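Everything numeric here is computed off the predicted structure, so don't read it as measured data. FYI, side chains are in, hydrogens and waters are out, and symmetry mates aren't considered; it's all heavy atoms of this structure. Quick note on labels: first sequence line is chain A, next is B, and so on, each numbered from 1.
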Number of protein chains: 2
Amino acid sequence: MVKYNERALDATFHALADPTRRAILARLSLGQVSVGELAKPFEMSLPAVSKHLKVLEGAQLITRHRDGRVSRMEFNPDAMMGAVDWITHYKKFWESQLDKLARFLEDTKPTGEDNNGKNTKG
Amino acid sequence: MVKYNERALDATFHALADPTRRAILARLSLGQVSVGELAKPFEMSLPAVSKHLKVLEGAQLITRHRDGRVSRMEFNPDAMMGAVDWITHYKKFWESQLDKLARFLEDTKPTGEDNNGKNTKG
DNA sequence: ATTATATTTAACCAAATGGTTAAATATAAT
DNA sequence: ATTATATTTAACCATTTGGTTAAATATAAT
């Protein structure tokens with residue numbers, strides 16, 4: 001009855017447990033950026049950001065597209081799904097909040113209009 | 001733009017990033033248990049479990065009900081909602097999976113029917 | 001009052017984390 | 001070929017983490 005990939009959950013939750021890394025994901029969710037561009041707004045060295053990227057990459061929350069000497073980082077939210085999936089197991093314990101979430105999801109469900117022509121994957 | 005409580009997210013994700021702590025939550029989701037009972041199945045010392053409980057308590061994922069010398073730990077999933085809320089911000093990046101989740105949530109939405117013990121996932 | 005039970009705290013340790021600066025690598029431009 | 005740019009690796013450091021055992025605390029039972 002091993003339902004979840006514990007190592008993957010470790011990696012995902014650990015990656016998400018740092019504010020810099022969450023900010024990186026937020027930034028990348030707006031579109032691909034180079035490491036240098038990505039690092040600019042952060043008040044830390046480039047190697048520090050590089051390390052964070054490695055953690056995110058290890059958790060498969062981002063992927064790398066090398067283009068010459070520039071590494072363009074891309075958001076890859078699949079691993080987040082795993083986290084949500086795990087948390088959702090506890091849905092019956094927060095039914096009222098769930099109701100709110102369900103309504104929210106229903107509200108924004110892709111019925112053919114919500115997709116802004118963006119490729120959602122690959 | 002929605003402002004998230006970064007410190008709370010740090011605490012929540014960090015708490016969830018450990019397999020022992022996730023197992024503790026899984027156990028507590030079945031009902032309140034004392035610290036001793038809780039610790040039994042884990043191959044580690046009681047103080048180690050105690051520390052994990054502190055982390056979970058700090059993240060407000062569990063609460064403590066002291067009854068004499070026995071501490072009954074209770075699952076408190078509200079903080080998880082915060083994590084889901086944050087992740088859900090990225091919903092547009094995984095629409096197909098979102099659709100699956102939305103259907104799942106709809107399917108098990110508490111509309112008066114009791115879906116006790118039925119795990120529709122997996 | 002003494003003893004047993006439940007749990008936490010203290011002191012300690014190794015490994016991991018998150019940061020630094022300096023050097024190395026790889027590619028691009030001149 | 002030389003130099004500039006983008007990024008990573010190496011070496012280092014302080015703090016945190018996750019575990020240990022021994023001692024302390026608090027309550028219950030005899």
Problem set entry | D:dG19 phosphate, OP1 or OP2, under 4.0 Å from B:Ser45 side-chain N/O |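 No, no such contact exists.
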Problem set entry | Any A:Ser50 side-chain nitrogen or oxygen under 4.0 Å from OP1 or OP2 of D:dT7 |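 No, no such contact exists.
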Per-pair distances, 0.1 Å, donor-acceptor, side chain in residues 9-16 of chain B, under 3.5 Å, sequence neighbours excluded:
{"from": "B:Asp10", "atom 1": "OD1", "to": "A:Arg22", "atom 2": "NH1", "distance (Å)": "2.9"}
{"from": "B:Asp10", "atom 1": "OD1", "to": "A:Arg22", "atom 2": "NH2", "distance (Å)": "2.7"}
{"from": "B:Thr12", "atom 1": "OG1", "to": "B:Ala8", "atom 2": "O", "distance (Å)": "2.8"}

For this session: In whole angstrom, give the distance that lies between atom CZ of A:Arg66 and atom P of C:dA28.
Result: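 So the two atoms are 11 Å apart, to the nearest Å.
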For this session: Nearest whole angstrom, please: distance from the P of C:dT9 to the CG of B:Leu53.
Result: 12 Å
Problem set entry | Pairs meeting criterion salt bridge (Lys or Arg N to Asp or Glu O under 4.0 Å) with involvement of residues 51-62 of chain B, two or more places apart |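 Applying salt bridge (Lys or Arg N to Asp or Glu O under 4.0 Å) to every pair that reaches into residues 51-62 of chain B, excluding sequence neighbours, yields B:Glu57-B:Arg64.
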Every protein N/O within reach of nucleotides 11-13 of chain C N/O, cut-off under 3.5 Å:
none

Problem set entry | For B:Arg69, all residues meeting side-chain hydrogen bond (donor to acceptor under 3.5 Å, both in side chains), sequence neighbours excluded |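 Counting only residues at least two positions away or on another chain, B:Arg69 forms no side-chain hydrogen bond (donor to acceptor under 3.5 Å, both in side chains).
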Problem set entry | Sequence-distant partners of B:Glu74, salt bridge (charged side-chain N to carboxylate O under 4.0 Å, His left out), two or more places apart |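 Per chain and number, B:Glu74 pairs via salt bridge (charged side-chain N to carboxylate O under 4.0 Å, His left out) with no residue.
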Give me, pair by pair, the N or O atoms of the protein and of nucleotides 4-6 of chain C that are less than 3.5 Å apart, along with how far apart they are.
{"from": "C:dT5", "atom 1": "O4'", "to": "B:Arg69", "atom 2": "NH1", "distance (Å)": "3.3"}
{"from": "C:dT5", "atom 1": "O2", "to": "B:Arg69", "atom 2": "NH1", "distance (Å)": "2.8"}
{"from": "C:dA6", "atom 1": "O3'", "to": "B:Arg69", "atom 2": "O", "distance (Å)": "3.4"}

Exercise. What residues in residues 9-16 of chain B put a non-hydrogen atom under 4.0 Å from any atom of DNA chain C?
Worked result: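 The answer is none.
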Please tabulate, for side-chain N and O atoms in residues 37-46 of chain B, each donor-acceptor pair with protein atoms closer than 3.5 Å (sequence neighbours left out).
{"from": "B:Glu37", "atom 1": "OE2", "to": "B:Lys40", "atom 2": "NZ", "distance (Å)": "2.8"}
{"from": "B:Ser45", "atom 1": "OG", "to": "B:Ala48", "atom 2": "N", "distance (Å)": "3.3"}

Exercise. Any side-chain donor paired with an acceptor under 3.5 Å for A:Gln32 and A:Arg72?
Worked result: yes
Seminar exercise, completed: Annotated structure of DNA chain D as dot-bracket, pair cut-off 3.5 Å, Watson-Crick or G-U only, | for inter-strand, is ||||||||||||||||||||||||||||||
